[in-house]
Amino acid sequence: MANGICVYAESYKGKLEPVAAELVSAAKEIQKTTGEKVQAIVLADNAEKIAAELDRLGVEEIYAVNAGRDCSQQDDAVSQAIAEMLKRIDPSSVLIPATPEGRSIFSRVAMKLGCGMTADCTEVLVGTKEDGSYYIKQNKPSYGENVFVTIITRDGFYPQMMTVRPGVYTAQEEAEGGRANIEYFDDIKVGDSKIEVIEEIPAEAETGSILSAEVVVVGGRGVLEDDNFALLEKFAEKVGGAIGGTRPMVDSEMIPFNHQIGQTGLTIRPKICISFGVSGAIQHTEGIKDTKLFVAVNTDEDAAIYGVADYGMAADLKEVLTEYLAL
Ligand SMILES: Cc1cc2nc3c(=O)[nH]c(=O)nc-3n(C[C@H](O)[C@H](O)[C@H](O)COP(=O)(O)OP(=O)(O)OC[C@H]3O[C@@H](n4cnc5c(N)ncnc54)[C@H](O)[C@@H]3O)c2cc1C
């Protein structure tokens, strides 16, 4: 009988990716209802170091394969080994980071195991069947990001696999380790890969800087008029903030999609968020979680954004920005 909530512990160049701690936190939420063990799988050149980090995150069972080489990007070979691991562990669900690596490896794993996989969940909840057993409700935006759907894995197809967007769950905090049961599958080898990495080019996209920025300046449709966006950029520079935006900002190509904040975009947790000309639709504010200080500027004093902001300024953003920049 499939049992356990298993997290794929993605690592790169010997370091556990921060998203792993977020998925452990999601798994612990599921555990509160299902009571299953929280597990993790590691496949890396230095599996011991990664396993020790997972132990400090409070994972109860860790299953590891020492790859014996850096197998970054070798998803053909890695997916074969991970499929073998999952057959032995037999978890009821697997949480995978919705990263290029997670998607590429686990779409192949799903084929090998003959189970489904839901991509890009922004929420994972637990449902109860009539017989009292549990299933995972895999919530995600769909149909061109226009509707929010719940996907359920068909009965009998285990494990229930899903990729979960980075940034959605608060990272599990580290504690003292030493409690996890760690098992190495020494007989599972990472076979030869048809993929050879010739050169690595750092990504140009600055999404990472928004995710880690302490200050984020968010522009909404109100910024689209006149030279308001230029003012917003100067303001962001002055306060040392990264720029994010609402969907209309992306639709009008003022900012790239990977700077959209919200249900179908990024989830950010800056210390300070200052938004200009944003109405405060739930699909947008869902992406601003646990911001310590939230300031909003909107001409409409009844705007929904004032329901989530700590401080509001019912004023024209052009006037506010011009006056601030003149200081
Ligand atoms: C399934 C689904 C998923 C979605 N996902 C996302 C998502 O991830 N992110 C997202 O952002 N949206 C998302 N949306 C769209 C969302 O519902 C809203 O339409 C969108 O967030 C509105 O953006 P906005 O606040 O910039 O524009 P508007 O709602 O048009 O608001 C503009 C605001 O600017 C104010 N304003 C205008 N001029 C000025 C001025 N000069 N000074 C000050 N204030 C001014 C106005 O009073 C108004 O409140 C999604 C929608 C759906 C259906």
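Counting convention: from 1, in listed order, for ligands and their atoms alike.
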Are any of the N or O atoms of [X] closer than 3.5 Å to those of ligand 1?
| X | answer |
| --- | --- |
| Glu225 | no |
| Val297 | no |
| Ser279 | yes |

For [X], take its heavy atoms, then give the atoms of ligand 1 lying under 4.0 Å from any of them.
| X | result |
| --- | --- |
| Ile261 | 7 (C), 8 (O), 9 (N), 10 (C), 11 (O) |
| Gly220 | 26 (O) |
| Ala315 | 42 (N), 43 (C) |
| Gly265 | 8 (O) |
| Gly222 | 34 (O), 36 (N), 37 (C), 38 (N), 39 (C) |
| Val147 | 1 (C) |

**Prompt:** Can you name the closest pair of heavy atoms from Gln39 and Pro91 and give their distance?
**Reply:**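 For Gln39 versus Pro91, the nearest heavy atoms are OE1-CB, 3.5 Å.
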
**Request:** Taking all heavy atoms of Gly102 and all of Glu10, pick out the closest pair and write down the distance.
**Result:**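 Closest heavy-atom pair between Gly102 and Glu10: N-OE1, 3.8 Å.
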
**Item:** Glu200 bridged to Lys13 by N-O distance under 4.0 Å
**Value:**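 Judged by the 4.0 Å cut-off on N to carboxylate O distance, Glu200 and Lys13 do form a salt bridge.
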
**Request:** Determine, step by step, whether Tyr63 and Tyr184 satisfy the ring-ring contact (aromatic ring centres under 6.0 Å, His included) criterion, reporting the C-alpha distance in whole Å, the side-chain angles of both residues, the deciding distance to 0.1 Å, and the verdict.
**Result:** CA-CA 6 Å; Tyr63 298 95; Tyr184 287 88; over 10 Å; no

**Asked** So, Glu101 versus Thr99: side-chain donor-acceptor pair below 3.5 Å or not?
**Response**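 Their side chains do not contain a donor-acceptor pair, so the 3.5 Å distance test is not met.
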
**Message:** Looking at Tyr135, I'd like to know if the NZ or CZ of Lys129 sits under 6.0 Å from its six-membered ring centre while staying within 45 degrees of the ring's axis.
**Reply:**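 Verdict for Tyr135: no cation-pi partner in Lys129.
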
**Item:** Options Ser252, Gly277, Gly219, ranked by nearest heavy atom to atom 34 (O) of ligand 1, top entry
**Value:**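 Looking at heavy atoms only, Gly277 sits closest to atom 34 (O) of ligand 1.
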
**Request:** Name the option, out of Asn298, Thr246, Asp300, that contains the heavy atom nearest to atom 48 (C) of ligand 1.
**Result:**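 Residue with the shortest heavy-atom distance to the ligand atom: Asn298.
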
**Asked** Under the ring pair (Phe, Tyr, Trp, His ring centres under 6.0 Å) rule, what pairs show up with a residue in residues 99-120, not counting sequence neighbours?
**Response**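 Qualifying pairs: Tyr8-Phe106.
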
**Item:** Residue pair Ile243 / Glu233, side-chain heavy-atom distance below 4.5 Å
**Value:**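 They are in contact (side-chain heavy atoms under 4.5 Å apart), so the answer is yes.
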
**Message:** Test of understanding: given a 4.0 Å heavy-atom threshold, classify the contact between Lys318 and ligand 1 as side chain, backbone, both, or neither.
**Reply:**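 Within the 4.0 Å criterion, Lys318 makes no contact with ligand 1.
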
**Message:** With a heavy-atom distance limit of 4.0 Å, tell me whether Ala281 approaches ligand 1 through its side chain, its backbone, both, or neither.
**Reply:**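 The side chain, only.
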
**Prompt:** Hey, is Pro248 one of the residues with a heavy atom under 4.0 angstrom from ligand 1?
**Reply:**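 True for this residue.
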
**Message:** Just to verify, which of Gln31, Lys28, Glu29 counts as forming a side-chain contact (heavy atoms from CB on, under 4.5 Å) with Ile5?
**Reply:**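 Of all the options given, the one that passes is Gln31.
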
